[in-house]
Amino acid sequence: MSFQVDVVVMAAGKGTRMKSLRPKVLHRLGGRALAQHVIDCAARLSARSVVVITGHGAEQVEAGLSAPAAAPGAAATALKYVRQEPQLGTGHAVQQAAPALPDDGVTLVLSGDVPLTQSDTLQALLDLCAGERLALLTLDMPNPTGYGRIVRAEGGAVQAIVEQKDASEAQRAITEIYSGIMAVPTRLLKGWLARLDNQNAQGEYYLTDVVKFAVGDGVSVQAHRIDDAVQVAGVNSPLQLAELERAYQLRVAETLMVQGTRLADPARLDVRGTLVCGQDVEIDVNCVFEGRVVLGDGVRVGANCVIANAVIEAGAVIHPFTHIDGEKLGVSVGPGALVGPFARLRPGAKLGAEVHIGNFVEVKNSTLAAGAKANHLAYLGDADVGERVNYGAGSITANYDGANKHRTVIEADVHVGSNCVLVAPVTLGAGGTVGGGSTITKSTPPGALSVARGKQVNLENWQRPQKKKS
Ligand code: UD1
Ligand code: CA
């Protein structure tokens, strides 16, 4: 069985209960917009296209979403937008998308505010549709209030979906609900959309009315009934957003643990992007990972670290309370390096093997070669630091002259004492030593001791001023 899939994502609704200026489907879950989860899921199904229906905040929504990355070897999924203004119901929404849907495919209807549907669930629904049936994703709910109910005939065949507000007392007792997700042959869908009306309790065009048309036309209606409510849960409020965030994070944590990653507490991990872990990785509590982070074999991350867009190589240890943010330039930490506690690595920090970065040390756009150490209270910005350099406590590179940034080069085996200011551009020659408290404005020769500070003066028997008697 082979047919093309075109996905419709409904995202025109207002989301009043979020009480936010931001359109609902742009609120973030796991670091990605809610609707982006849905779009990315469509790509995992190798869909031909995704048509997002926008209305409230349409421009913002369209600017805030992006086409999914194509799966390896698969054709790219095209991303299109159609506007629905005003919003006259889910059937009216899909009517707006109809011209963008080729007749030969199957349309998969999803909602932009339902982010955690698994692609294998949707694949099972598409298999049930098989290019010729109407397939509905349904769920049993102990409290089905508010949802459309699945009405079945004596033998169990699905007859209709009846909305809460249109349902009889007996129908309201039905606990099988429609999830809002269906797969339907597009040619049939278009015929049914043309027949919708708004003669119902809400005066809306209900997409769910296609079920009774299918039954009337003798088209088989199938329900794929699941029991995992998280997969069809929508976000309507900050509370629901937070609940789904935790469900998502637990899913990520479980995936990592199945691959062998040791988490001190799966309930205290937040991955807002992609986290790739090698073997024997250990992550303590309350760590946040953003963007793309790679942790090599044997890496240990202490409690309360925030790590974004970084590659941490094998055996490195990130001590507690360390903040690493590579942004666009990235950060790399070499094998066996020790970072933190309380260290800050900014974009372009590249640490070689066995580098040590200690507490309250900030590194930005700087390369540190193997074995270099900056252990306490220091700043390295726009610097190239050679092998085995020891950079003293309280020392800084003065890399910014108020207009331009300049580089500092510290060659191999240099020893920079405490509390030095290296005024860039400047080069410290290999093997040299800089005396504590020096302000270095000129390059230093290799092997030299360089001291640049006021000479010490001692005034013998110095009398301190005395407080006047009143
Ligand atoms: C709909 C279903 C109901 C199902 C429920 C599952 C209909 C008539 N009813 O309920 O059977 O149990 O979903 O959550 O389809 N939207 C638009 N344009 C509109 C109206 C809605 O884009 O004119 C979007 C919303 O932004 C949302 C989705 O469609 O993403 C569902 O709308 P919502 O109002 O939440 O669903 P209901 O109509 O209450
Ligand atoms: Ca509604």
Side-chain angles (χ1 to χ4, degrees), residues 7-18 22-27 33-39 51-58 60-62 65 81-98 107-117 134 136-141 143-151 158 160-167 171-172 174-182 184 189 192-193 196-213 221 223 225-226 229-237 240-241 244:
V7 174
V8 168
V9 180
M10 291 192 286
K14 190 158 185 203
T16 313
R17 277 188 283 156
M18 289 302 293
R22 186 189 299 180
K24 177 166 77 173
V25 294
L26 291 187
H27 281 274
L34 292 171
Q36 193 67 49
H37 283 264
V38 182
I39 292 169
V51 182
V52 181
I53 303 164
T54 61
H56 281 284
Q60 240 179 306
V61 172
E62 290 164 18
L65 301 175
Y81 295 98
V82 299
R83 295 272 174 101
Q84 184 203 15
E85 279 162 71
Q87 288 84 40
L88 303 178
T90 52
H92 179 253
V94 179
Q95 281 171 350
Q96 313 312 304
T107 296
L108 177 65
V109 178
L110 304 175
S111 279
D113 58 358
V114 179
L116 296 187
T117 320
L134 171 56
L136 308 172
L137 187 63
T138 73
L139 181 86
D140 277 302
M141 274 199 160
N143 177 9
T145 307
Y147 291 93
R149 308 298 206 282
I150 303 296
V151 178
V158 175
I161 298 173
V162 179
E163 294 303 307
Q164 169 84 20
K165 288 190 175 137
D166 301 285
Q171 287 168 337
R172 286 183 187 185
I174 297 170
T175 54
E176 186 186 5
I177 62 102
Y178 170 54
S179 65
I181 295 173
M182 67 169 68
V184 47
L189 173 67
W192 297 330
L193 288 173
L196 294 178
D197 64 47
N198 63 355
Q199 303 305 301
N200 53 54
Q202 302 184 86
E204 286 179 14
Y205 295 87
Y206 290 165
L207 178 61
T208 44
D209 281 349
V210 301
V211 175
K212 66 184 187 209
F213 296 145
V221 181
R225 202 164 172 168
I226 62 170
V230 164
Q231 289 200 48
V232 301
V235 172
N236 294 299
S237 66
Q240 289 170 338
L241 180 61
L244 287 197

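Both counts, for ligands and for their atoms, begin at 1 and track the order of listing.
- Distance CE/M182 to CG/L108: 10.5 Å, rounded to 0.5 Å.
- H92 does not count as a contact of ligand 1, since none of its heavy atoms falls under 4.0 Å from the ligand.
- Side-chain contact, K165 with N200: no donor N or O sits under 3.5 Å from an acceptor N or O.
- Atom numbering of ligand 1 starts at 1 in the shown order; those under 4.0 Å from a heavy atom of G148 are 3 (C), 4 (C), 11 (O), 12 (O).
- Less than 4.0 angstrom separates some heavy atom of D113 from each of these atoms of ligand 1: 30 (O).
- Checked options V114, I226, L139, L116; the residue passing with Q231 is I226 (criterion: side-chain contact (heavy atoms from CB on, under 4.5 Å)).
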* **From CA spacing to verdict: side chain to side chain contact (heavy atoms under 4.5 Å, CB included), Q87, E85** => CA-CA 5 Å; Q87 288 84 40; E85 279 162 71; 4.1 Å; yes
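- Note that CE of M18 and CG of L241 are 5.0 Å apart. Values are rounded to the nearest 0.5 Å.
- In A12, the parts holding a heavy atom less than 4.0 Å from any atom of ligand 1 are both the side chain and the backbone.
- Annotation for ligand 1: atoms under 4.0 Å from non-hydrogen atoms of Y206 are 8 (C).
- A search for salt bridge (Lys or Arg N to Asp or Glu O under 4.0 Å) contacts involving D140 returns R225, not counting sequence neighbours.
- R17 contributes no side-chain N or O that, together with a main-chain N or O of S237, makes up a donor-acceptor pair within less than 3.5 Å.
- Distances between N or O atoms of I53 and those of ligand 1 include no value under 3.5 Å.
- With a 4.0 Å heavy-atom cut-off, ligand 1 is reached by the side chain of Q84 but not by its N, CA, C or O.
- Taking any N or O of M10, backbone or side chain, at least one lies under 3.5 Å from an N or O belonging to ligand 1.
- Within the structure, ligand 1 has L88 among the residues with a heavy atom less than 4.0 angstrom away.
- Residue contacts with ligand 1: G234 is excluded, as none of its non-hydrogen atoms falls under 4.0 Å.
- Taken from CD1 in I181 to OG1 in T117, the straight-line distance is 4.0 Å, to the nearest 0.5 Å.
- For E163, every heavy-atom contact with ligand 1 shorter than 4.0 Å involves the side chain, none the backbone.
- Shown here are the ring pair (Phe, Tyr, Trp, His ring centres under 6.0 Å) partners of H37, two or more places apart in sequence or in another chain: Y248.
- Remark: distances from the non-hydrogen atoms of I177 to ligand 1 are all 4.0 Å or more.
- Taking NE2 from H92 and CD from E204, the interatomic distance works out to 11.0 Å, rounded to the nearest 0.5 Å.
- Between the choices A93, G89, A233, the shortest heavy-atom distance to atom 23 (O) of ligand 1 belongs to G89.
- Where the criterion is an N or O separation shorter than 3.5 Å, residue side chain and backbone included, E204 fails it with respect to ligand 1.
- For ligand 1, none of its N or O atoms has an N or O atom of Y147 under 3.5 Å away.
- Which parts of ligand 1 touch T208 is read off a 4.0 Å heavy-atom cut-off, strictly below it: atoms 7 (C), 8 (C), 9 (N), 11 (O), 15 (O).
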